[in-house]
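Numbering of residues begins at 1 and proceeds along the displayed sequence.
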Amino acid sequence: MKAFVDQDTCIACGMCVSSCNEVFEFNDDGKAESIVDVVPANLEEDARQAANNCPVDAISISE
């Protein structure tokens with residue numbers, strides 16, 4: 001699975017970074033981004049939870 005953060009939608013609230021910092025971190029612009037090409041199987045649930053918790057739905061998940 002892959003996770004993508006829409007940079008135009010992200011408000012940098014940090015919920016994804018705090019809940020799944022193995023997949024998401026802040027970039028130089030202060031926005032969250034995915035730092036892995038493919039989400040490791042053991043982190044898929046955490047990445048989905050981060051996407052579900054995003055207050056502006058900036059994170060999309062593709063299988």
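- Between F24 and I35 the shortest heavy-atom distance is N-CG1, 4.2 Å.
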Show me the donor-acceptor pairs, under 3.5 Å and distance only, between side chains in residues 1-8 and residues at least two apart or in other chains.
from	atom 1	to	atom 2	distance (Å)
D6	OD1	D8	N	2.8
D6	OD1	T9	N	3.3
D6	OD2	T9	OG1	3.3
Q7	OE1	N27	ND2	2.8
Q7	NE2	V5	O	3.4
Q7	NE2	A32	O	2.7

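- Applying the side chain to side chain donor-acceptor pair (under 3.5 Å) test to N53 and every residue at least two apart in sequence or in another chain returns Q49.
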Just distance, no hydrogens or angles: give the donor-acceptor pairs under 3.5 Å from side chains in residues 39-48, sequence neighbours left out.
from	atom 1	to	atom 2	distance (Å)
R48	NH2	E63	OE1	3.2
R48	NH2	E63	OE2	2.9

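- Note that CD of E25 and SG of C20 are 12.0 Å apart. Values are rounded to the nearest 0.5 Å.
- Here V56 is tied into one hydrophobic group with I11, each link being a pair of ILVMFWY side chains closer than 4.5 Å.
- Annotation: side-chain hydrogen bond (donor to acceptor under 3.5 Å, both in side chains) contacts involving residues 11-21, sequence neighbours excluded, are absent.
- Counting only residues at least two apart or in different chains, salt bridge (Lys or Arg N to Asp or Glu O under 4.0 Å) contacts with residues 14-24 are absent.
- Screening residues 11-21 for salt bridge (Lys or Arg N to Asp or Glu O under 4.0 Å) gives no qualifying pairs among residues at least two apart or on separate chains.
- Considering all non-hydrogen atoms of both residues, A51 and I61 come closest at CB-CG1, 3.9 Å.
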